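What follows is a single structure, written as structure tokens, with notes after it.
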Amino acid sequence: MAGTGCRRRPERRHQRHVIALTSNYPECARSALVTIAPERSRSPLFMRAYIEELIGQALGYLKREGELSLEEPVQVHIERTRDRAHGDYACNVAMVLARKLGRKPRELAELISAKLPASKRIDKVEIAGPGFLNFFASPHYLRMVVRDILALGDQYGCAPEGSRGEVLVEYVSANPTGPLHVGHGRGAAYGASLSALLAAAGHRVSREYYVNDHGRQMDILAVSVWLRYLELAGERVRFPANAYRGEYIYDIAREVRERHGDKLRHAESAVVDGLPEDGDGQAAELHIDALIARARQLLGEDGYEACFGAALDAMVADIRDDLGQFGVQFDRWFSERSLESSGALARAIERLDREGWLYLKDGATWFKASELGDDKDRVVVRENGRTTYFASDVAYLLDKLERCPGTSLYIFGADHHGYVPRLKAAARGLGEDPERLDFQLVQFAVLFRGGRKVQMSTRSGSFVTLRELREEVGNDAARYFYVMRSHEQHLDFDLDLAKSSANDNPVYYIQYAHARIASVFRQLESRGLRHNQAIGEAASDRLDGEHEQALLRTLGRYPEVIEGAAERRAPHVLAHYLHELAAEFHAWYNHSQFLVEDDDVRNARLNLVAATGQVLRNGLGLIGVSAPEDM
RNA sequence: GCCCCGGUAGCUCAGCAGGACAGAGCAGCCGCCUCCUAAGCGGCAGGUCGCAGGUUCGAAUCCUGCCCGGGGCGCCA
């Protein structure tokens with residue numbers, strides 16, 4: 001039954017036409033007849049943009065000669081071929097036009113390819129398959145790649161800063177009520193990598209962490225600290241079910257005690273007398289809320305703020321420290337409370353009102369979100385006069401849109417997907433363009449150890465913190481593992497694999513390639529030789545081996561990878577690319593000696609080795625993984 | 001009930017702005033260190049792309065329905 005050969009499909013072979021590129025039409029200005037995507041980089045390093053240009057010129061010529069009647073631009077794909085036999089790039093322009101013009105695709109392909117300007121970067125163009133134009137990069141172009149990489153260094157692959165729009169990226173934004181856990185870690189790694197990628201692709205990027213320092217959870221945290229403080233002071237107060245039990249609460253309480261002594265101490269009876277009983281569910285909620293009210297009453301404004309402020313400062317400092325060690329930085333930590341004091345909150349509500357999107361019902365103020373694409377209307381001011389969390393969101397959104405003229409990018413955990421229609425509705429309600437908002441939802445990460453799911457529960461306090469994870473597997477492995485899968489995909493994080501220093505760990509595989517490169521240059525020196533780039537460049541035609549050619553092509557692809565990964569908000573694309581690049585280097589390393597006698601060959605190879613090292617460093621840097629010199 | 005994400009090789013996943021024979025890593029089997037780190041390399045084997053329709057010259061990729069798994073739907077934060 002399990003036949004082997006019979007399942008194979010018959011080979012489909014298409015006749016190929018080879019068109020020599022001899023004609024040149026210098027007078028053809030760039031035409032707007034071909035569009036791929038807006039804002040394509042014009043850098044000479046971008047082969048696709050270059051090919052687009054060539055095709056545009058050919059079409060422009062054909063149009064002026066009356067051979068084609070083109071009215072509107074055609075949307076075409078210029079893509080990397082999967083099969084080397086198909087050249088380096090393929091374009092489907094003829095097939096797309098065929099549909100529009102009702103002509104045969106191969107016929108059109110002939111027409112177009114005959115008018116393609118000659119180019120030093122393109123060796124030949126073939127017509128193949130149903131009508132693809134296959135472009136073969138010239139050896140000259142491939143060699144140019146090494147020179148460019150060595151000349152540009154850490155700038156290779158980067159578009160000029162500001163060549164694209166501004167992006168304000170908000171990520172992590174975990175409530176400062178406890179340490180970050182592994183779920184936040186994924187958002188942090190994704191956000192940091194994506195931000196770096198966007199910056200490399202030419203966007204001006206600012207990174208923000210929205211600190212939820214306003215709500216009930218913060219009050220619970222403050223009270224938790226106070227209760228631990230009382231405990232340390234010798235009061236025997238029962239700790240409520242819903243309060244924060246983590247060890248870190250004691251640390252903060254100790255700090256408060258050091259600073260304020262017994263000033264905040266009250267007798268146990270004064271604290272709990274007359275409060276509703278603690279218990280499960282509803283009872284626990286009522287109890288803790290009453291306790292918060294009691295704390296405010298006994299401590300007064302200043303005393304309460306002492307606990308609250310200490311808790312907030314400690315938590316934010318801890319989170320900042322944790323993320324900093326993880327290589328995750330922010331340009332701004334935006335306080336939710338500041339929205340009220342700055343008047344941003346009131347202004348946002350006024351704006352919604354002015355635009356006519358607010359109404360009163362049951363004593364509360366509602367936003368007509370349902371008329372703007374959300375499933376239901378949302379309360380902005382509660383019956384008790386307090387604004388809702390959503391109101392803060394609207395105010396922060398308005399603030400962001402006013403500060404950043406480009407895109408506001410939200411990175412949410414997948415459980416926040418309900419916020420998307422609500423915030424878009426808010427943007428519309430404010431009279432702003434919802435297209436300026438970009439939402440990326442990061443799916444959950446599940447830890448596996450010994451092939452078993454690591455159980456996590458916040459209540460029992462048995463969750464794994466980001467810090468613990470980092471200490472267990474290391475920052476490099478954690479950063480890489482977090483972004484190696486698409487963020488839209490649930491992530492199975494294999495702790496054993498991440499820790500493994502065996503041949504199966506993709507992080508070490510890539511880092512090892514870099515370490516080997518460094519080692520090659522150490523060897524060179526120990527043999528009393530020096531790398532001469534100029535000699536290598538002059539002899540770059542000696543890089544004609546199969547492995548060398550493959551490596552050159554892959555290195556040349558890097559700028560496109562950056563561009564595409566940024567556009568698709570997909571750092572995992574870069575992670576995969578780096579793995580592939582490392583694989584090609586390892587294969588070459590095993591196949592050939594680099595430190596050969598021949599000065600020309602040796603230096604040419606060393607140029608390629610150095611260029612590979614540079615690209616590995618650049619790419620690893622963007623995803624926050626170190627590039628070690630030795631392992 | 002409504003909404004979001006996913007279902008591709010034994011496992012974990014790429015590929016999905018439609019395209020040329022479906023890819024990688026791990027696990028399995030067979031090989032490679034007098035030579036720049038074997039944390040490496042070469043080879044073999046492994047797939048009804050969840051199921052059924054539809055759109056198209058062409059569908060893993062787009063549309064519809066269904067099945068399975070994960071998550072979300074508060075005048076909480």
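Every chain is numbered from 1, with letters handed out A, B, ... down the list of sequences. Since the structure is predicted, the reported quantities are computational estimates derived from the model, not experimental observations.
- Between A/Glu285 atom CD and B/A77 atom P the separation is 11 Å, expressed in whole Å.
- If you check every strand for non-hydrogen atoms under 4.0 Å, A/Asp630 touches a base.
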### Task
Would you check, one step at a time, whether the test side-chain hydrogen bond (donor to acceptor under 3.5 Å, both in side chains) holds for A/Gln440 with A/Asp438?
CA-CA 7 Å; A/Gln440 294 301 322; A/Asp438 183 352; 3.0 Å; yes

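- Using a 4.0 Å heavy-atom criterion, one finds that A/Arg527 contacts the sugar-phosphate atoms exclusively.
- Proximity of A/Tyr512 to the phosphate of B/A38: a side-chain N or O atom is located under 4.0 Å from OP1 or OP2.
- Using a 4.0 Å heavy-atom distance criterion, A/Asn384 is classed as making no nucleic acid contact.
- A salt bridge links A/Asp599 with A/Arg602: at least one charged nitrogen is closer than 4.0 Å to a carboxylate oxygen.
- Residue-to-nucleotide contacts include no donor-acceptor pair under 3.5 Å from the side chain of A/His586 to the base of B/C41.
- Of the side-chain N and O atoms in A/Lys361, none sit less than 4.0 angstrom from OP1 or OP2 of B/C75.
- Using the six-membered ring where Trp is involved, A/Trp588 and A/Phe585 have ring planes that are perpendicular, over 60° apart on the 30 and 60° scheme.
- A/Glu525 has no carboxylate O lying under 4.0 Å from a charged side-chain N of A/Arg527, or vice versa, which leaves the two without a salt bridge.
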### Task
For nucleotides 10-15 of chain B, just jot down a letter per nucleotide in 5' to 3' order: B, S or -, based on protein non-hydrogen atoms under 4.0 Å.
--BSSS

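- One atom, CD of A/Glu488, and another, P of B/G7, lie 10 Å apart when rounded to the nearest Å.
- Checked against B/G42, B/A39, B/G72, the side chain of A/Ala587 finds its nearest nucleotide in B/G42.
- RNA chain B is contacted by both A/Trp366 and A/Asn590; A/Asn590 maps to the nucleotide lying nearer its 5′ end (nearest heavy atom per residue).
- Side-chain contact check for A/Tyr419 and A/Asp393: no donor-acceptor pair (N or O, by modelled atom type) lies under 3.5 Å.
- The residue A/Phe521 sits apart from the nucleic acid: no heavy atom pair falls under 4.0 Å.
- Salt-bridge annotation for A/Arg164 and A/Glu563: present, with a side-chain N of the basic residue lying under 4.0 Å from a carboxylate O of the acidic one.
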### Worked verdict on A/Glu110 versus A/Ser113 for side-chain hydrogen bond (donor to acceptor under 3.5 Å, both in side chains)
CA-CA 5 Å; A/Glu110 303 263 6; A/Ser113 71; 5.3 Å; no

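- Within 4.0 Å of A/Thr365, counting heavy atoms only, lies no atom of the nucleic acid at all.
- To the nearest angstrom, C1' of B/A24 lies 13 Å from CD of A/Glu584.
- Of all nucleotides listed (B/C41, B/G72, B/C36), B/G72 comes nearest to the side chain of A/Asp415.
- In this structure, A/Met218 reaches neither bases nor backbone, as no heavy-atom distance under 4.0 Å exists between it and the strands shown.
- Nucleic acid contact class of A/Ala513 (heavy atoms, under 4.0 Å, all strands): none.
- Counting only heavy atoms from C-beta outward, the side chains of A/Asn212 and A/Glu336 approach each other to under 4.5 Å.
- Distances from the side chain of A/Phe594 to the nucleotides B/A77, B/G40, B/C36 place B/C36 closest.
- Using bins of under 30°, 30° to 60° and over 60° for the plane-to-plane angle, the ring pair A/Tyr558/A/Tyr577 lands in the tilted bin.
- Of the listed nucleotides (B/G19, B/C3, B/C41), B/G19 has the atom at the smallest distance from the side chain of A/Pro130.
- Along RNA chain B, the nucleotide nearest to A/Arg382 and the one nearest to A/Arg522 differ in position, and the one closer to the 5' end is contacted by A/Arg522.
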### Task
Any chance you could encode RNA chain B as dot-bracket? Rule is Watson-Crick or G-U wobble with both distances under 3.5 Å; [ ] for pairs crossing earlier ones, | for another strand.
((((((((.[[[[.)...(...]]]].(((((.......))))).....[[[[[..)....]]]]])))))))....

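- Residues A/Gln217 and A/Thr177 bring no donor and acceptor atom of their side chains to less than 3.5 Å of each other.
- In terms of phosphate contacts, A/Arg216 brings no side-chain nitrogen or oxygen within less than 4.0 Å of OP1 or OP2 of B/C75.
- In terms of phosphate contacts, A/Arg516 brings a side-chain nitrogen or oxygen within less than 4.0 Å of OP1 or OP2 of B/A38.
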